[in-house]
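Here the structure comes first, spelled out in structure tokens, and everything after it is commentary.
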2 protein chains.
Amino acid sequence: MDRPQLPLNALRAFEVASRHLNLTRAAVELCVTQAALSHQIRGLEERLGVTLFRRVPRGLVLTEEGIMLAPVLTRIFDEMSGTLDRFSTGHYHETINLGVVNSFAAEWLIPRIPDFQRLHPSIDLRVHTNNNRVDLAGEGLDLAIRFGDGSWHGVAATRLMRGAMMVVCSPGLADRLRNVEDLLSMPLLRSYRANEWERWFAIHGLPAPQLRGPVFDTSLAIAEMAARSHGAGLVPVALFSSWIESGRLVRPFEALLTAGDYWLTRLHANPESTGQGAFREWLASSFGTEA
Amino acid sequence: MDRPQLPLNALRAFEVASRHLNLTRAAVELCVTQAALSHQIRGLEERLGVTLFRRVPRGLVLTEEGIMLAPVLTRIFDEMSGTLDRFSTGHYHETINLGVVNSFAAEWLIPRIPDFQRLHPSIDLRVHTNNNRVDLAGEGLDLAIRFGDGSWHGVAATRLMRGAMMVVCSPGLADRLRNVEDLLSMPLLRSYRANEWERWFAIHGLPAPQLRGPVFDTSLAIAEMAARSHGAGLVPVALFSSWIESGRLVRPFEALLTAGDYWLTRLHANPESTGQGAFREWLASSFGTEA
DNA sequence: TTCGGCCATGAGATAATCTAATCTCGCTTC
DNA sequence: GAAGCGAGATTAGATTATCTCATGGCCGAA
């Protein structure tokens, strides 16, 4: 249907009525009389050639067609409304509440935030770091960057980068490592992902080692511990390659463990806003130029 | 901004003008005069307290604020328009063009389509099978179900089910398999994913075997070949477990190879329609009830 | 029954929207 | 540098779409 034909006011009337299922109350929300709504909705039904409501003694019931139309319109008007609200201060501004797993925030995102700010000064990015156990809805987040295999319920996921893991340790400890078995002679720093070391050793045909010591909930802590010669750790290559280059950490073995990837996630229930789309594209292009 | 305050007509006027950057031409699209548009847009700017266009000698240029608003509105009105078009026949009907990787279509989707049809008779699902090499935009598909690790560009992915692979062969051949090495005595059926067998043998600490013979582009062909005693194949557990139960195939070893998962994918550029959302939720609930 | 809640309807009022005619501005062109 | 042109702005008045008011009909509850 072409732009000039869109019965915008009638659609709004229908949307409000579809939520109240009562013209009188819907009329209050729209600040008009019940009669006005009645006219609008009848007009819409005629225009579409479809019955949207079944009129029953005590009110309205949506027809099959009404059921298909109403939620789309509710979403559309909510989005319109939300977008217009972003102009309330006299210029556009949007807030994105972003959850980010600690290590990604520290090693990748935070250093690049100024670049995003420069490109999108009207978007107010609020970063909430976490240990990857993140509940988008419960924590009021719009987006979350997390580590995993992309399998989250009710979530649209966009892969950001590979999460292949490498073994790291301090330059001092590296001297003691001639072959893979030598790793067993030093503490192996553990994450809450239980079988990482087991799988790493399996690659080399070795049995699972006995693990002791504290469990860390972020690669950042593991990298720090490793850098201070407290043991060897498994950390994502993509995040900690700069530590290798600067000599803070050493990578004694080439083997990689694929444990998951980094993803940008959003609840399916919340459609993507302009700013969220801009952020996603900025992320994608940032990875694109690095590769 | 509350529903009654939404300046719908003015927003439509702005949206059209933002595409033409020329009030005169925009007026033609909206079937009104240039003066009408000029009024509407000035009214909108006053209402929002924001300048949306910079007036320049030969036309209009969007301001920063206009740039943020225009694409949202274009998407919104396109969606509205598309949704209303689905009523053109007098009742709601929507078409979803779905690309599906062969094996998933044959073993999982096709048998369940009647269930979806029953729940959503107004949605017309058109299934296009392919060998997983699918280009959503190029092939005019709305959605695609494919196998992989979720890493596709410009795509929102929702994981449907695990794609763990198992070794299968015919009951006859299974008798010859006492241990993993015995596999090397029979043809190993190849897919176009090159190193599957290599990785499967690596799990057992064995070197990569020499592979010969045809390469198949769908697990379905591999399963068929295996069932006819032409060799052993690697196929997804979730799709072919019924072949095991019926005795058509045998699973001689427990070991699983994780090669990827099955995903529902959609271009970020195309927002999800009602029907697409319904289809995604139907898929999710179908897997939920099975697990 | 009678009342109350709810939607439908038709005629007239109202307000939003549009048109027509005219201006202004600044670039082009000769 | 003057005329012409293409664009948006403006103003007043016309035109509609939209709304209100008053009323009617229907159905279930009291």
*Give the intermediate values and the outcome of salt bridge (Lys or Arg N to Asp or Glu O under 4.0 Å) for residues B:Arg112 and B:Asp115.*
CA-CA 5 Å; B:Arg112 286 169 180 81; B:Asp115 179 57; over 6 Å; no

_Nucleotide nearest A:His39 (side chain, heavy atoms from C-beta), chosen from C:dA11, D:dA9, C:dC18_ = C:dA11

*Respond yes when some side-chain nitrogen or oxygen of A:Arg55 is under 4.0 Å from OP1 or OP2 of C:dA8, and no when none is.*
yes

*Determine, for B:Arg42 against B:Glu46, whether the closest basic-nitrogen to carboxylate-oxygen distance falls under 4.0 angstrom.*
yes

*asked:* I'd like to know if the side chain of A:His91 pairs up with that of B:Glu64 as donor and acceptor (distance under 3.5 Å, no hydrogens or angles considered).
replied: no

_What is the separation between atom CD on A:Glu46 and atom P on D:dA17, rounded to the nearest whole Å?_
14 Å

*asked:* Tell me the interatomic distance from A:Leu30, atom CG, to D:dA17, atom P, rounded to whole angstroms.
replied: 20 Å

*Go through the steps to decide whether A:Arg3 and B:Asp78 satisfy the test salt bridge (Lys or Arg N to Asp or Glu O under 4.0 Å), and finish with yes or no.*
CA-CA 9 Å; A:Arg3 293 284 189 275; B:Asp78 280 346; 2.8 Å; yes

*Just call it for B:Leu37: base, sugar-phosphate, or nothing, with non-hydrogen atoms closer than 4.0 Å on any strand.*
nothing

*Under 3.5 Å side-chain donor-acceptor pair for A:Asp149 and A:Trp263*: no

*Can you tell me how far P of C:dC7 sits from NE2 of A:His20, to the nearest Å?*
12 Å

_Taking only side-chain N and O atoms of B:Asn22, does any of them lie within less than 4.0 angstrom of OP1 or OP2 on D:dA7?_
yes

*With sugar-phosphate meaning primed atoms plus P, OP1 and OP2, does A:Thr24 contact a base, only sugar-phosphate, or nothing at under 4.0 Å between heavy atoms?*
sugar-phosphate

*Could you tell me the separation between the CZ atom of A:Phe53 and the P atom of C:dC6, rounded to a whole number of Å?*
14 Å

*For a ring-ring contact (aromatic ring centres under 6.0 Å, His included) with B:Trp108, tell me which candidate from B:Phe147, B:Phe287, B:Tyr262 qualifies.*
B:Phe287

_Length of the line joining A:Leu21:CG and C:dG5:C1', which is rounded to integer Å_ = 15 Å

*Applying salt bridge (Lys or Arg N to Asp or Glu O under 4.0 Å), run through A:Arg146 and A:Asp261 and close with a yes or a no.*
CA-CA 8 Å; A:Arg146 46 182 156 184; A:Asp261 295 313; over 6 Å; no

*With the side chain of B:Gln40 defined as its heavy atoms from C-beta on, choose the nearest nucleotide among D:dG8, D:dT18, C:dT17.*
C:dT17

_So if I take the C1' atoms of five pairs at each end of the helix from C:dT1-D:dA30 to C:dC30-D:dG1 and get each local axis, what angle do the two axes make, rounded to 10 degrees?_
20°

_Proximity to the side chain of B:Ala36 - top-ranked nucleotide from C:dC18, C:dC7, D:dA7_ = C:dC18

*Report the nucleotide, chosen from D:dA9, C:dG10, C:dC7, that has the shortest atom-to-atom distance to any side-chain atom of A:Leu60.*
C:dC7

*Between A:Leu52 (CG) and C:dA8 (P), how many Å, whole number?*
12 Å

*Nearest 0.5 Å please: distance from the OG1 atom of B:Thr274 over to the CZ atom of B:Phe279.*
15.0 Å

Distances under 3.5 Å between protein N/O atoms and the N/O atoms of nucleotides 23-30 of chain D, please, pair by pair.
none

*Do A:Glu45 and A:Thr51 have a side chain donor and acceptor closer than 3.5 Å?*
no

*Name the closest nucleotide to the B:Ala35 side chain, picking from C:dA20, C:dC6, C:dT9.*
C:dA20

*Take the protein atom CG of A:Leu11 and the nucleotide atom C1' of D:dT18, then report the distance between them rounded to whole Å.*
15 Å

*Quick one: do the A:His128 and A:Asn97 side chains pair a donor with an acceptor below 3.5 Å?*
yes

*Between B:Thr33 and A:Arg42, just flag the one whose closest nucleotide in DNA chain C comes earlier from the 5' side.*
A:Arg42

_Please report the distance, rounded to the nearest Å, between CZ in A:Arg12 and C1' in D:dA17._
13 Å

